[in-house]
> 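This is the structure I want to talk about, given as structure tokens.
Letters go in sequence order (proteins before strands), and every chain restarts at 1.
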Amino acid sequence: MSEPLLKVENLKQYFPVSRTFTVKAVNGVSFEIYPGETYGLVGESGSGKTTIGRSVIRLYNPTDGKIIFNGQDITGRMGSAARQMLRKEMQMIFQDPMASLNPRKKVADIIGEGLDIHGRASSRQDRADQISEMLKKVGLSPEHAARYPHQFSGGQRQRVGIARALIMNPRLVIADECISALDVSIQAQVVNLMKDIQEETGCAYLFIAHDLSMVKYISDRIGVLHLGYMVESGTKEEIFSNPVHPYTRSLLSAIPHPNPEVEKRRRSVSYDYASSGIDYARGTEHLVSGTHKVLATDDEFASWT
Amino acid sequence: MSNTAAPEKILDIRGLDISFRTNAGTVHAIRGVNLDLCRGETVAIVGESGSGKSVTMKAAMGLLDSNATVNAGEILYTYTDEAGTKQTVDLLKLPKKTLRQQFNGQRIAMVFQDPMTSLDPTMTIGKQIMEGMFLHKHMDKQAAKARALELLELVGIPDAEKRFRNYPHQLSGGMRQRVVIAVALSADPDVLICDEPTTALDVTIQAKILELIMKIQKEMKLSVIYITHDLGVVAKVADYVNVMYAGKIVEVGNVNEIFYEPLHPYTWGLLSAMPDLDTDDDRLYSIPGSPPNLLHEPKGDAFAARNQFALVIDEKAEPPLFQVTPTHFAATWLLHPDAPKIEMPPELKARLERAKKEADKYL
Ligand SMILES: Nc1ncnc2c1ncn2[C@@H]1O[C@H](COP(=O)(O)OP(=O)(O)OP(=O)(O)O)[C@@H](O)[C@H]1O
Ligand SMILES: Nc1ncnc2c1ncn2[C@@H]1O[C@H](COP(=O)(O)OP(=O)(O)OP(=O)(O)O)[C@@H](O)[C@H]1O
Ligand SMILES: [Mg+2]
Ligand SMILES: [Mg+2]
């Protein structure tokens, strides 16, 4: 395999809430993303998915650990060259497009902002051309450039957010729950679009979601997060055909199937960390097979496999 | 399927027709909706964003926006009054005040999509659950508190006694959603309407909440209406499914008919767009085009422009609901006896065959 595009090693992200209380949102998470692949990050609400995304794009200062992106260490203080590189090569699509798009700016200026900051348009005409091209690529029309965000439907707005992220031709896009609020048909449109663009430009995605059927569809590899720990990771085949960690098993068993006779008889497997006797802090990474890893103590590993 | 001898109709929506006045003109949002709900049953309404699911249910709750006009129709609700006699009223004809004091929240309760908008951030959750009991049931404080604690435990909130004094922001998203359900159940309603109750939740919490509502439903003989775009949820909870498109019900049937024998091309599209856990297709199907703008009402079948199977007549006249089984109806000209025989797309057919095989394993 080639060199990873992103390498996250033992990332910890703590938030001191008061003098006596600190939220440990991410507790020593490691993973790698290779050029052109899609890495799915799943886990329950509050498990630390968004925090990881925001640490990786350096909206936070990591408490501990190492982040290497595009061959450069971006963990600590970055020089201006590293910062420039990061802002160009890594982009984030935020969960709520309405909250992340400036309502007073026209779509052309929202999408063109990156071009302006990095001086990537040679003339006004070139800027307009690049924006039109991008709008067409995400299935909107060049006439939409003059509209404001609120003048779009939910699905169209989401595509504006995607256009803004992709116009810089980034090598890594962090997509945080970018389809959760859309209905199935629009979800399908957006996901197909992301796949097309990946084929064309070779960008990699960190795809954060709680809908496992969509994650399975789009991802090459998957990481399962619980309480800030990466409890299991592997290719999507490894995770879906042989889930080892009890949390992963309960997550997979809870996916509702669009099949009434099955769904009415099936009961989901429940998992309660507090009463499970498992202590994530005592677990270490165990290799199941291939690239398939699980967090466990030796005893736990023996009893789960 | 509930197998009571003669199902008793509790909610009966007939010919509902609603429009909204806007600056740009009149939006004809609901165009003749019929819907039945029987006692103890669960009915789901599915359909694209903007198809009219929420407006239909808000009409039943007397919560329509002020720019709305009900052009026609009735919403008949049958209940047993305090004296023990059966009554049927048209909810659309009741004065707003009566509706609010005697029906809403009491006999008919609604769980809204975003729990934060329906909880009062300045009031403890315990107070919010007891409020309805004081108002509608005239319970004393002690009885109300006991019942509130019981409800909190019922919806799966651990340490109910401690949580009782919490404010909404001190709970996680999933816990808040469960509190909203506890509030809705606090008045022992006959009918519970859930509008996208679980979209914001992850699958494990979602499964718990759905199982919880089903359990309570059995215990209390509750009738439930679910509005959702998640077909997995529908498969799990529904007895009957209504598929809505552009302000109309275009297909209705029992849950097996809709999932295994769908008839309307729009329903085919919806089912095809779901990611399938069993295949590794390279692309997801998505219904081409976008729904009609109801400012300019379409002539003929509203779905025609997006329908690869559209017939010439679709451009001219709206199809009636054709009946196929005692419970299964669909509004598509494809069911007319003179229509050419057109089958669902082969990929969908193969997928439904797989689903049926899978189901057989559970029988
Ligand atoms: N700025 C912050 N200050 C304090 N705590 C925080 C902060 N940001 C996140 N947290 C906490 O960190 C934990 C992880 O939050 P995060 O937003 O990463 O979860 P998530 O997995 O994205 O969940 P969701 O699926 O609900 O979006 C939560 O307990 C959250 O309350
Ligand atoms: N107050 C209003 N004024 C004008 N149009 C309205 C108003 N309320 C709703 N509508 C329109 O009525 C139609 C139906 O809206 P409704 O909220 O019922 O959709 P929905 O099926 O619940 O969609 P979603 O899945 O997005 O919640 C939409 O086209 C909507 O824009
Ligand atoms: Mg998040
Ligand atoms: Mg709605």
Side-chain angles (χ1 to χ4, degrees), chain A residues 42-47 49 95 139 153-156 177 180-193 195-196 199 209-218 226 236-237 240 247 250-272 274, chain B residues 46-51 158 172-174 199-208 210-211 229-238 241 254-256 258-260 269-277 280-288 290-291 351-352 354-356 358-363:
Chain A
V42 300
E44 68 181 23
S45 172
S47 59
K49 305 181 296 292
Q95 173 162 12
S153 81
Q156 290 171 330
E177 305 268 11
S180 309
L182 308 175
D183 60 64
V184 273
S185 182
I186 299 175
Q187 276 188 0
Q189 281 176 25
V190 171
V191 165
N192 286 335
L193 169 75
K195 280 200 152 184
D196 289 346
E199 229 158 74
H210 62 245
D211 179 349
L212 281 149
S213 39
M214 212 40 106
V215 168
K216 178 178 181 213
Y217 174 73
I218 196 171
H226 194 217
K236 71 172 162 199
E237 292 78 18
F240 272 81
Y247 177 66
S250 91
L251 208 56
L252 294 187
S253 80
I255 303 176
H257 297 247
N259 189 341
E261 289 293 344
V262 173
E263 207 44 54
K264 293 220 154 76
R265 284 168 179 77
R266 224 170 45 95
R267 277 287 160 271
S268 43
V269 183
S270 67
Y271 173 68
D272 178 32
Chain B
V46 299
E48 223 156 0
S49 176
S51 57
S172 82
T199 7
L201 306 174
D202 59 83
V203 283
T204 45
I205 298 176
Q206 167 176 295
K208 273 187 211 145
L210 295 177
E211 279 161 22
H229 66 244
D230 188 332
L231 295 172
V233 169
V234 175
K236 187 180 178 89
V237 301
V241 183
N254 70 40
V255 67
N256 286 8
I258 299 292
F259 278 84
Y260 302 136
L270 272 186
L271 290 169
S272 304
M274 293 263 311
D276 186 343
L277 284 169
D280 293 307
D281 293 344
D282 220 35
R283 291 185 72 74
L284 281 173
Y285 173 80
S286 75
I287 302 169
S290 46
R351 182 166 167 171
L352 298 185
R354 275 200 308 280
K356 279 187 249 182
E358 173 77 18
D360 286 342
K361 288 192 228 152
Y362 284 80
L363 288 176

> Decide yes or no on side chain to side chain contact (heavy atoms under 4.5 Å, CB included) for B/L284 and A/Q187, but give the supporting numbers first.
CA-CA 9 Å; B/L284 281 173; A/Q187 276 188 0; over 6 Å; no

> What closest approach, in Å, do A/A188 and B/Y285 show between heavy atoms, and which atom pair accounts for it?
CB-O, 3.3 Å

> So which part of B/Y260 gets closer than 4.5 Å to some heavy atom of chain A, the side chain, the backbone, both or neither?
side chain

> For residues A/V262 and B/E358, report the shortest heavy-atom separation together with the two atoms involved.
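Looking at all heavy atoms of both residues, the shortest contact is CG2-CG, 3.6 Å.
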
> Once you round to the nearest 0.5 Å, how far does CG of B/N256 lie from CG of A/N259?
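With rounding to 0.5 Å, CG (B/N256) is 8.5 Å from CG (A/N259).
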
> Let me know if A/Y271 has heavy atoms under 4.5 Å from chain B in its side chain, its backbone, both or neither.
neither

> Shorter than 4.5 Å, heavy atoms on both sides: which option in B/P288, B/A235, B/A273, B/G232 has the most such pairs with chain A?
B/A235

> Do the side chain of B/K236 and the main chain of A/H257 share a donor and acceptor less than 3.5 angstrom apart?
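Here the side-chain-to-backbone pair does not exist.
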
